[in-house]
Number of protein chains: 2
Amino acid sequence: MTSHALQGAKPRKTPVQSRSRVTVDAIFEATIQVLLSEGMARLTTTRVAERAGVSVGTMYQYFPNKLALIIALNERYLNALAERVEQTCARRAGHQVSEMVAALIETYWTAKTERADLTQALYRSVAALDNNALMNAFATRVDTATTAMFRQASDLPPEDAAAINLTLTTVIYGAVRNAFERELDKEQIAALKARLTDMCCAWLRSVQLRTQMTT
Amino acid sequence: MTSHALQGAKPRKTPVQSRSRVTVDAIFEATIQVLLSEGMARLTTTRVAERAGVSVGTMYQYFPNKLALIIALNERYLNALAERVEQTCARRAGHQVSEMVAALIETYWTAKTERADLTQALYRSVAALDNNALMNAFATRVDTATTAMFRQASDLPPEDAAAINLTLTTVIYGAVRNAFERELDKEQIAALKARLTDMCCAWLRSVQLRTQMTT
DNA sequence: CCAAAATCTGAGCTTTCCTTCATATATTGC
DNA sequence: GCAATATATGAAGGAAAGCTCAGATTTTGG
C-alpha cells in the first residue's frame with residue numbers, strides 16, 4: 001500500500017534546461033502561496049499554474065497529477081527539515097543528554113516558527129493526502145539521526161538510547177505541533193518552549209537517578 | 001472569519017419524528033464508514049447516502065452541504081470527548097497533581113485508543129476542513145475544565161494552575177496525537193503512555209521543589 | 001544557421017460530484 | 001378518517017476541476 005500510494009507521484013520529466021528549473025521552482029512557490037491564501041480545498045491545478053505564470057500544460061509536464069505536486073512539495077520541505085535535524089545531531093556527539101534535548105527542541109522549534117503559516121498549511125496538506133508513507137519516511141530518517149546521537153551521550157547508557165529517543169521525539173514533535181495549532185501569542189509560545197525543555201530534562205534526570213540506583 | 005466559517009453549517013431541519021432520528025444516525029454512521037474505507041478525498045454525498053441506505057435528497061434535508069456534515073460529525077465526537085474529560089476533571093478535585101495528570105492522560109488515551117482508526121480519520125477530516133474554529137472551541141472548553149481541576153490541586157499554588165495547564169495539555173494532547181500517527185505496535189504504545197505520565201510527574205516535582213525553595 | 005530536442009501553450013474534453021425540486025409516501029393530531 | 005405536516009425519493013441540472021494534446025516557441029549542439 002505504501003509503495004502503491006507513491007506510485008505515479010514521481011516527476012514526469014526532470015528539468016534539464018535552466019528555464020525549466022525556474023519553472024519548477026515557480027510552481028512550487030505558487031503552490032505555497034495558493035495553499036496559504038486559499039487553503040488546500042481551493043487549491044486547483046489551474047490556480048497554481050496561473051499564480052506561477054505558466055500554463056496548466058507545463059505543470060503537467062513535471063507533475064503527473066495534483067497529488068504528486070503536493071507530495072513533492074512536502075518532500076522538499078521535509079528533506080530540508082531532516083537535514084537540519086541531522087546536522088544538529090551530528091554536532092552534539094559526546095555531549096550531555098540535556099544539551100542534546102535542548103538543541104533538538106531548538107532546531108525543530110525554529111524550523112517551524114520561521115514560517116509558522118506555511119508550517120500549518122503543510123500539516124494540513126499532508127493530512128488531506130491520506131498518505132502515511134510520506135511522514136513515516138521522514139520519521140524514520142530523523143529517528144535514525146536522533147537515536148544515533150543519544151547513543152553517544154556522555155551521561156546515558158547506550159542501550160537506553162532507542163527507548164529514550166522514542167519518548168522524547170514523540171513528546172517533542174507532538175507538543176510542537178500542538179503548540180502551533182492553538183492560537184497562542186508569542187510570549188506563550190516562548191514560555192511553552194522553555195517548559196518543554198524543562199520537562200524533558202526533568203524526566204531524563206529522574207531516569208538517570210533510577211539507573212544509578214540499580215547499578 | 002470564525003463565525004463565517006461555521007455559517008450554513010447548522011442542520012437545515014431538526015428531526016422531530018423517530019424515523020428521522022434513525023435516519024440522521026444512519027447518515028453519521030455511514031459517514032464514518034466511508035471515511036474509514038475510502039478516505040476524506042473520496043467521501044461524496046452520494047456515497048454516504050448510499051451507505052446509509054437513504055437518498056441524497058434526504059441527506060440534504062438535514063445537512064445543508066457536505067461541509068456541514070463533516071463539521072457536525074466532528075462536533076459530535078468532540079463533544080463526547082469533552083464530556084469525558086470534564087467528568088474526569090470533576091472527580092479529581094482536591095487530589096494531588098500527579099493523580100490528576102495520570103487521570104487526564106488515561107482518559108484521553110483510552111478515548112483515542114478505543115477506535116484508533118476513527119481517531120485518525122477524524123484528525124484528517126478536520127484538517128481538510130481548513131477550519132480552526134472547531135478545534136479551538138473544543139480546546140477552550142476542555143482547557144476550562146482542566147484549569148479548574150489544577151486550581152484545586154492539594155499540592156499546587158492555585159495561581160500556577162493556568163501556566164501548568166497550558167504546558168501539560170499541550171504536551172499531552174500533542175504526544176498522544178503523535179503516538180497515533182506513527183505506526184507503533186501495542187507494546188510501544190503502552191510504554192509511551194507510561195513514560196509520558198512519568199515525564200509530566202517528574203516535571204511537576206521539579207516545579208514544586210523550585211517553588212518550595214523560594215518560599 | 002539549422003535540425004533536433006526541450007519546453008510551453010490553453011482551449012476544450014471528460015469526469016466527478018454537489019445540489020435542487022417536483023413528486024410520492026408516511027406520520028401525526030384532531 | 002382526513003387534512004396537515006414531516007419525511008423520503010432520485011433523476012437531472014450545472015458548476016468545478018482534472019487532465020490531454022496538437023501545435024507553437026525556444027534552446028541547444030554541431
Side-chain angles (χ1 to χ4, degrees), chain A residues 7-31 33-35 37-73 125 128-131, chain B residues 7-31 33-35 37-73 125 128-131:
Chain A
Q7 246 171 23
K10 298 281 154 213
R12 181 169 281 177
K13 188 187 282 183
T14 315
V16 312
Q17 296 179 2
S18 70
R19 65 170 163 157
S20 56
R21 246 167 279 136
V22 171
T23 301
V24 172
D25 274 354
I27 293 174
F28 276 132
E29 198 47 47
T31 311
Q33 283 179 28
V34 173
L35 216 48
S37 64
E38 311 268 346
M40 182 64 183
R42 289 175 51 85
L43 183 144
T44 72
T45 50
T46 341
R47 244 189 279 271
V48 168
E50 194 182 22
R51 190 90 165 217
V54 299
S55 72
V56 222
T58 299
M59 221 209 72
Y60 277 89
Q61 210 139 27
Y62 301 103
F63 305 96
N65 50 52
K66 193 174 117 173
L67 204 77
L69 172 66
I70 305 294
I71 290 181
L73 178 67
S125 73
L129 290 183
D130 255 338
N131 184 343
Chain B
Q7 244 170 21
K10 299 281 156 214
R12 181 169 281 177
K13 189 188 283 187
T14 316
V16 312
Q17 297 179 2
S18 70
R19 64 172 164 156
S20 57
R21 246 167 279 136
V22 171
T23 302
V24 172
D25 274 354
I27 293 173
F28 276 132
E29 198 45 49
T31 311
Q33 283 178 28
V34 173
L35 215 48
S37 64
E38 311 268 345
M40 181 62 184
R42 289 175 52 86
L43 184 144
T44 72
T45 50
T46 342
R47 246 189 279 270
V48 168
E50 195 182 20
R51 191 90 164 217
V54 299
S55 72
V56 222
T58 299
M59 220 209 73
Y60 275 88
Q61 210 140 26
Y62 302 103
F63 305 95
N65 49 52
K66 192 175 119 174
L67 203 76
L69 173 66
I70 305 294
I71 290 181
L73 178 67
S125 73
L129 290 184
D130 256 338
N131 183 343

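Just so we're on the same page: letters track the sequence lines, and every chain starts at 1. Keep in mind it's a predicted model, so treat the numbers as computed, not measured.
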Distance from B/Q33 atom CD to B/L43 atom CG, nearest 0.5 Å?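 If we round to the nearest 0.5 Å, B/Q33:CD and B/L43:CG are 11.5 Å apart.
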
For nucleotides 6-18 of chain D, 5' to 3', base contacts (B), sugar-phosphate-only contacts (S) and non-contacts (-) with protein non-hydrogen atoms under 4.0 Å give BBBBB------SS

Please name all residues satisfying salt bridge (Lys or Arg N to Asp or Glu O under 4.0 Å) with B/R42, sequence neighbours left out, ordered by chain then number.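 Result, salt bridge (Lys or Arg N to Asp or Glu O under 4.0 Å) vs B/R42: B/E38.
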
Ignoring hydrogens and angles, write down the donor-acceptor pairs under 3.5 Å from the side chains of residues 21-30 of chain A, residues two or more places apart or on other chains.
| unit_1 | atom_1 | unit_2 | atom_2 | d |
| --- | --- | --- | --- | --- |
| A/R21 | NH2 | A/V16 | O | 2.6 |
| A/T23 | OG1 | A/R19 | O | 3.0 |
| A/D25 | OD1 | A/R76 | NH2 | 2.7 |

Rounded to whole angstrom units, what separation is found between the CG atom of B/L69 and the C1' atom of C/dC18?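 After rounding, the reported distance stands at 13 Å.
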
If you look at every heavy atom in B/Y60 and B/T45, which pair is closest and at what distance?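 So the two residues come closest at OH-CG2, 3.2 Å.
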
Per the side chain to side chain contact (heavy atoms under 4.5 Å, CB included) rule, which among A/L35, A/L69, A/V56 passes with A/V48?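 Option passing the side chain to side chain contact (heavy atoms under 4.5 Å, CB included) with A/V48: A/L69.
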
